[in-house]
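In this text the structure is predicted, and so the values were computed from the model without any measurement.
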Amino acid sequence: MSKEKVDLGDIQGTLTTLKIPVPGKPIQLAGILQSTGHPSRRLGIICHGVLGHKNYLFQPLMANLLAPYMDTFRYDARGNGESNGQMGYSNWEDDYEDIDTVVNYFERQGYQIYALIGHSRGAISILNYAACSNHVPSIPHIVSISTRFDMADVRRRHGKHIINMLDEEGYFDWVARAAGKDVSIRVTKKNFDDFIDFNTAAVVNIPPMTNILLCHGSEDAVVPVKDVATLQAHLSHANTTIRIITNADHNYRGHTQEIAQTVAQYFSVEGRKEDWTRRISPNWKSWVGAVGGVLNFRTVGDTWIPSSNDGTVKYLRPGVIYRCADISSPTEEGIRVLESLNITDVFDLRSTTETERRETFQTDKIRRHHTPVFSDEDYSPVNIAARFGMYMGGTEGFAEAYMSMMPNVNQFFRPVLDHIVQKRTPFIVHCTAGKDRTGVVCALLQMICGVDEETITWEYELTHRCLAIKEEDVKFLKAVLGDDASDELVRGILSAKAEYMTRFLEKFHAKYGTIHDFLMNEMQLNKKQIQQIHDALVVTIPLPRPAL
């Protein structure tokens, strides 16, 4: 059988050979670190299958395609390739120890372990590690390629002759070729039983915030494709995505490029955003039309927060922060919905001029607070034209417009923070369209909670999907900007794209530092006050783990 030649193209970054010692044992794990100097210090760890090695099959190509998104380390499991130690048949504890050794080593080097990627046996082992290790709450991604779920199916793979030998002789000699050399492993009846008794169903213990990609070849004769369906059912609690590679076998011969590109696409900005949108859409769509007479209504929450390795997971409470476009005219049914959500307060970010143009809203149960982002002077025709002129500048203009809100932060943001700490009840933040001023306030709140900033930008962009644009706003803005303002231009100004929020966050950090720096220096909050805000919005959940 001829070997498939894989064209890696230009190697991205640098390749560094490492040997990582296993603590307390005379074993070193040989591997290759591919690094492009990512400022994020994200690392993906790639684990090969049985009788494989670090340069086996698609692994070098996959590492190269992942280089724009993370550094990677692919290594030889003990007894494989250039790693010393003893290769085994059912040595699952050794696999766990190898992964844990690599994870701990790179965490000490200042890396965030961003992904565990495994093929075949390597996939079984990383899923087991995800189910049993306290590291995994802080490891956001697991990629399982061609993993076995029904362990007893290996009886079929070995055939009746081997099974009879086990029953009669108590062992068989497993002879194979690995990394260019012949190997022979004596497999006892106990080894075999330990293998097929391995508890793959333990994946139900994988933390629910974990993002899992399952890949499988449709023509896999080693591990039937039904196994990935069973595995997906056991992972229904987690954020699971499945990709079937048509006509691919267990080792993706003839489909090397496709499997490597599938995994790389999953980690690209477009891939991560597509996956997040797919998962959030059902809840988001149910919120959008929930309150009659109010556009762009939704809760900001229901988000897992990256956690340190402290045995806990963190979650942004849903049903506390709500956001929407102007709430001047909810229907009677809409008001009943608001009250049923236990919303007690509304923070109106609009100017006095805007509130005069439209009504304001409060009831006996829901109190309105007027917390304008801009002063009345800022809403003179000249200043309105200047500010919307910023929005005409595209991404950079939007970011400048958002930064222009920051000098007034004590005026519009402090009342919200005081409410969170002192009253601790559900509340609404809104402006006219519910995207710019509201988007900035919600971004700041999520930053305080530690929400990943990429997620913040995607949450912001949900407004664009809501199409919360009133025709009266289009007419008003066209009148302000003059005859040269086309309908397309005006609707562009009223849009919300993730790149606008991304650029604002970049400019925010360049000027103010971290969100904690901003709160302490610009709002004179101390660490205790910041922690009180965080604790009111974030649930910290102790994470029980099963024993290995």
Visitor: Verify the distance criterion only: is there a donor paired with an acceptor across the side chains of Thr514 and Asp517 at less than 3.5 Å?
Guide: yes

Visitor: Answer with yes or no whether the side chains of Gln59 and Asn55 bring together a donor and an acceptor at under 3.5 Å.
Guide: no

Visitor: Is there side-chain contact between His48 and Arg121, with at least one heavy-atom pair below 4.5 Å?
Guide: no

Visitor: Side chains of Gln531 and His516: donor-acceptor distance under 3.5 Å anywhere?
Guide: no

Visitor: Between the main-chain N or O of Ser125 and the side-chain N or O of Asp95, is there a donor-acceptor pair closer than 3.5 Å?
Guide: no

Visitor: If we ignore angles and hydrogens, is there a donor and acceptor under 3.5 Å between the side chains of Gln12 and Thr36?
Guide: no

Visitor: In the structure I gave you, are the side-chain heavy atoms of Leu231 and Ser144 within less than 4.5 Å of one another anywhere?
Guide: yes

Visitor: Checking Arg41 side chain against Ile113 main chain: does a donor-acceptor pair fall under 3.5 Å?
Guide: no

Visitor: How are the rings of Phe73 and Phe106 set relative to one another: parallel (under 30°), tilted (30 to 60°) or perpendicular (over 60°)?
Guide: tilted

Visitor: So, His250 versus Asp220: side-chain donor-acceptor pair below 3.5 Å or not?
Guide: yes

Visitor: Thinking salt bridges, do Glu454 and Lys273 make one under a 4.0 Å N-O criterion?
Guide: no

Visitor: Under a 4.0 Å N-O cut-off, is there an ion pair linking Arg156 with Asp153?
Guide: yes

Visitor: Taking the side chain as C-beta and beyond, is there a heavy-atom pair between Ile142 and Ile206 under 4.5 Å?
Guide: no

Visitor: Are Lys528 and Gln532 close enough that some pair of their side-chain heavy atoms sits under 4.5 Å apart?
Guide: yes

Visitor: Of all heavy-atom pairs between Ile448 and Ile530, which one has the smallest distance, and what is that distance?
Guide: CG2-O, 4.5 Å

Visitor: May I ask you to decide if Leu29's main-chain N or O and Asp98's side chain share a donor-acceptor pair within less than 3.5 Å?
Guide: no

Visitor: Do Val22 and Gln28 have side chains that approach each other closer than 4.5 Å (heavy atoms only, starting at C-beta)?
Guide: no

Visitor: Atom CG of Asp173 and atom CZ of Arg186: how far apart are they, to the nearest 0.5 Å?
Guide: 4.0 Å

Visitor: So, Glu258 and Arg243, do they make that salt bridge, N to O below 4.0 Å?
Guide: no

Visitor: Give me each pair satisfying ring-ring contact (aromatic ring centres under 6.0 Å, His included) with a member in residues 211-235, each pair once, sequence neighbours excluded.
Guide: Phe149-His234

Visitor: Is it true that, when you exclude Glu82 itself, more than 12 heavy atoms of the residues, nucleotides or ligands shown sit nearer than 6.0 Å to its CD?
Guide: no

Visitor: Using only heavy-atom distances, determine whether the side chains of Tyr512 and Asn521 contain a donor-acceptor pair under 3.5 Å.
Guide: no

Visitor: Any chance the rings of His255 and Phe58 have centres within less than 6.0 Å?
Guide: no

Visitor: So, Asp100 versus Tyr129: side-chain donor-acceptor pair below 3.5 Å or not?
Guide: yes

Visitor: Is any side-chain N of the basic residue among Glu97 and Lys25 closer than 4.0 Å to the acidic one's carboxylate O?
Guide: yes

Visitor: Is the backbone of Asp150 close enough, under 3.5 Å, to the side chain of Asp227 for a donor and an acceptor to pair up by distance?
Guide: yes

Visitor: I'd like to know if the side chain of Thr256 pairs up with that of Tyr252 as donor and acceptor (distance under 3.5 Å, no hydrogens or angles considered).
Guide: no

Visitor: Over 60° means perpendicular and under 30° means parallel, so classify the ring planes of Phe195 and Trp92, tilted if in between.
Guide: tilted

Visitor: Do Thr457 side-chain atoms and Thr502 backbone N/O form a donor-acceptor pair below 3.5 Å?
Guide: no

Visitor: Answer yes or no: is there an ion pair linking Arg503 with Glu506, defined by an N-O contact shorter than 4.0 Å?
Guide: yes

Visitor: According to the interplanar angle, ranging from 0 to 90°, do the rings of Phe398 and Tyr500 count as parallel (below 30°), tilted (30 to 60°) or perpendicular (above 60°)?
Guide: parallel

Visitor: Give a yes or no answer on whether the side chain of Asn191 reaches the backbone of Tyr89 with a donor-acceptor pair at less than 3.5 Å.
Guide: no

